[in-house]
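Notes for the one structure printed next.
Residue numbers start from 1 in every chain, and the chains themselves are labelled A, B, ... in the order their sequence lines are given, proteins ahead of strands.
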Protein chains: 2
Amino acid sequence: MGRNAHFNNEQFIDTALKIAAGQGPAAVTIAAVAGDIGAPVGSVYHRFLSRDVLMAEVWGRVAASFQDEFLTALEKGEGIEAALHTPRWVRQHSAEARILLLYRREELAAGSWPEEMKERAFGISLRLDAGISEFAARTFGKAGREEINRTVFAIIDVPYAAVLRYIRQGKKPPRAVEDHITKTYNAIMRRTK
Amino acid sequence: MGRNAHFNNEQFIDTALKIAAGQGPAAVTIAAVAGDIGAPVGSVYHRFLSRDVLMAEVWGRVAASFQDEFLTALEKGEGIEAALHTPRWVRQHSAEARILLLYRREELAAGSWPEEMKERAFGISLRLDAGISEFAARTFGKAGREEINRTVFAIIDVPYAAVLRYIRQGKKPPRAVEDHITKTYNAIMRRTK
DNA sequence: CATATATTAGAATGTTGATTCTATTATGTC
DNA sequence: GACATAATAGAATCAACATTCTAATATATG
């Protein structure tokens with residue numbers, strides 16, 4: 001019952017994502033999102049409790065897109081595959097990459113995340129920590145702070161650094177980044193301390 | 001002539017820097033800066049043409065603080081010293097580091113930089129490019145795109161990544177980051193391609 | 001001491017954008 | 001066909017801030 005919808009949640013999330021990627025999160029005003037689709041602002045609020053909730057959806061989508069493949073590689077025990085996932089994913093998902101790597105969660109949605117989203121984010125973070133720990137233990141024989149730090153550096157921080165400069169310029173990372181990431185990975189994750 | 005000043009430019013810049021480091025650039029409202037010092041908002045505008053100009057001063061100060069030592073090390077030909085400058089500087093300058101590494105120029109001051117500041121920034125950027133090029137040429141025998149990419153990665157991007165995680169948590173980077181940076185530097189800057 | 005002026009003081013203005021509110025319009029159900 | 005309601009429409013509110021404006025105050029200079 002009720003009239004047919006002209007729009008759907010996905011459209012609003014997609015549009016918010018597109019604007020955030022192109023012009024930064026501050027440009028994602030309710031009017032801009034609605035205007036882009038040709039919807040009235042009221043329709044945004046009909047579907048999302050607030051701007052924060054809309055942005056939290058954007059974040060959730062982007063983070064999940066990245067982390068699912070990343071964790072899969074890691075849980076398989078392929079550290080170098082996990083590390084190389086970053087440049088690959090970035091090439092395939094330019095807009096999402098800009099959001100994930102250029103802004104922090106709090107810049108997208110300042111306060112009040114819906115409980116469900118907080119739990120989702122917490123779950124992802126737990127899974128990430130566990131994956132890293134297990135991998136460190138498997139690689140080094142134990143997973144103390146030292147081993148975890150090295151692992152995080154090699155498979156998260158360095159790939160991020162390798163790719164960031166290109167994302168800022170709106171370019172796809174060149175092939176050389178794989179080489180840099182791999183060399184660093186080998187140097188850091190070598191068994192010999 | 002005229003009455004004595006109760007405040008001075010430095011105070012406003014310091015306060016803006018402190019607030020930006022602690023609560024992010026968005027928290028740097030004119031009222032917040034003035035209020036923190038006990039000055040009227042009018043006094044801010046008496047000294048700075050606009051919020052953007054004030055923030056540009058903050059940025060200029062922070063950038064210069066970092067880059068002077070960095071470039072000195074680089075121009076001496078000490079690549080590894082330049083790379084290690086990042087964690088050292090970060091430990092000594094927590095607030096400045098948060099601003100320099102957590103936000104981009106445009107987040108501090110969106111539009112309209114005063115001409116003088118633009119030139120200063122441009123000069124710094126030129127000097128940086130030249131320093132990197134020279135260093136790459138000295139290290140690899142030539143400074144093509146490939147050699148420059150490697151150099152930038154090893155002495156800028158990786159140190160940044162090594163330190164970022166701790167800055168976000170408001171902690172000082174542990175000693176291990178020097179080890180990671182050094183290992184990476186050796187792996188990447190090895191003469192053998 | 002009178003004047004010019006640098007500076008403080010802080011109220012008034014204007015804009016931008018989130019959010020709320022009040023219709024209006026279709027569509028399924030009875 | 002009348003009713004309930006999901007959804008669209010978009011005007012009206014509200015709040016936060018940057019910026020502007022109009023005093024009020026000291027102080028140096030003559």
Side-chain angles (χ1 to χ4, degrees), chain A residues 1-20 22-59 103 105-114 117, chain B residues 1-20 22-59 103 105-114 117:
Chain A
M1 57 187 88
R3 72 189 279 185
N4 285 344
H6 283 183
F7 317 104
N8 58 60
N9 291 18
E10 296 301 297
Q11 279 177 282
F12 290 102
I13 300 175
D14 284 345
T15 301
L17 194 155
K18 184 182 75 180
I19 296 174
Q23 305 158 67
V28 184
T29 66
I30 300 297
V33 172
D36 194 85
I37 299 181
V41 300
S43 283
V44 177
Y45 284 92
H46 182 64
R47 292 162 186 289
F48 302 92
L49 187 61
S50 68
R51 178 182 179 282
D52 274 352
V53 170
L54 171 60
M55 295 303 265
E57 294 289 349
V58 170
W59 182 262
Y103 309 102
R105 271 218 305 265
E106 314 85 53
E107 290 178 74
L108 290 198
S112 61
W113 285 54
M117 300 244 66
Chain B
M1 58 188 87
R3 71 189 280 185
N4 284 345
H6 283 184
F7 317 104
N8 60 59
N9 290 18
E10 295 302 295
Q11 280 177 284
F12 290 103
I13 300 174
D14 284 344
T15 302
L17 193 156
K18 184 183 75 180
I19 297 175
Q23 305 159 66
V28 184
T29 66
I30 300 297
V33 171
D36 193 84
I37 299 181
V41 299
S43 283
V44 177
Y45 285 93
H46 181 65
R47 292 163 185 288
F48 301 92
L49 187 62
S50 67
R51 178 182 181 282
D52 274 352
V53 170
L54 171 60
M55 295 303 265
E57 293 290 349
V58 171
W59 182 262
Y103 309 101
R105 272 218 304 266
E106 313 86 52
E107 290 177 74
L108 289 199
S112 64
W113 285 53
M117 301 244 65

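Shown for residues 6-15 of chain A: no residue has heavy atoms falling under 4.0 angstrom of DNA chain C. Across residues 27-36 of chain A, A/V28, A/T29, A/I30 each have a non-hydrogen atom less than 4.0 Å from an atom of DNA chain C (numbered order).
Think of the region where chain A sits on DNA chain D: with heavy atoms and a 4.0 Å cut, that region ends 5' and 3' at D/dT5 to D/dA11.
Of all heavy-atom pairs between B/G24 and B/Y103, the closest is CA-OH, 3.5 Å. When all heavy atoms of A/A56 and A/A109 are compared, the closest pair comes out as N-CB, 4.2 Å. Residues B/F7 and B/G38 come closest through the heavy atom pair CZ-O, 3.7 Å. Contact record, B/S50 with B/Y45: CA-CE2, 4.1 Å, taken as the closest heavy-atom pair.
Using modelled atom types, no side-chain atom of A/E57 and backbone atom of A/L54 make a donor-acceptor pair closer than 3.5 Å. Between the side chain of B/S43 and the backbone N or O of B/H46 there is no donor-acceptor pair closer than 3.5 Å.
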Between the protein and nucleotides 24-28 of chain C, list the N/O to N/O atom pairs that are separated by less than 3.5 angstrom.
unit_1 : atom_1 : unit_2 : atom_2 : d
C/dT25 : O2     : A/R3   : NH1    : 3.3
C/dT27 : OP1    : A/N4   : ND2    : 2.9
C/dT27 : O4'    : A/G2   : O      : 3.1
C/dT27 : O2     : A/G2   : N      : 3.3

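Contact annotation: B/S43 does not reach the phosphate of C/dT7 (side-chain N/O to OP1 or OP2, under 4.0 Å).
For the pair B/A39 and A/V41, nearest-nucleotide mapping onto DNA chain C gives the more 5' position to B/A39.
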Identify each donor-acceptor pair in which a side-chain atom of residues 27-34 of chain B lies under 3.5 Å from a protein atom, sequence neighbours left out, and give them as a table.
unit_1 : atom_1 : unit_2 : atom_2 : d
B/T29  : OG1    : B/A32  : N      : 2.9

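Of the inter-residue distances, the one linking A/T15 atom OG1 with A/I19 atom CD1 reads 6.5 Å to the nearest 0.5 angstrom. The distance from atom NZ of A/K18 to atom CD of A/Q23, rounded to the nearest 0.5 Å, is 9.0 Å. Of the inter-residue distances, the one linking B/F48 atom CZ with B/M55 atom CE reads 11.5 Å to the nearest 0.5 angstrom. For the atom pair NE2 of A/H6 and CD of A/Q11, the computed distance is 11.0 Å after rounding to the nearest 0.5 Å.
Rounded to an integer number of Å, the gap from NE2 of A/H46 to P of C/dA23 is 18 Å.
For the side-chain hydrogen bond (donor to acceptor under 3.5 Å, both in side chains) test, residues two or more places apart in sequence or in another chain that qualify with B/R47 are B/N9.
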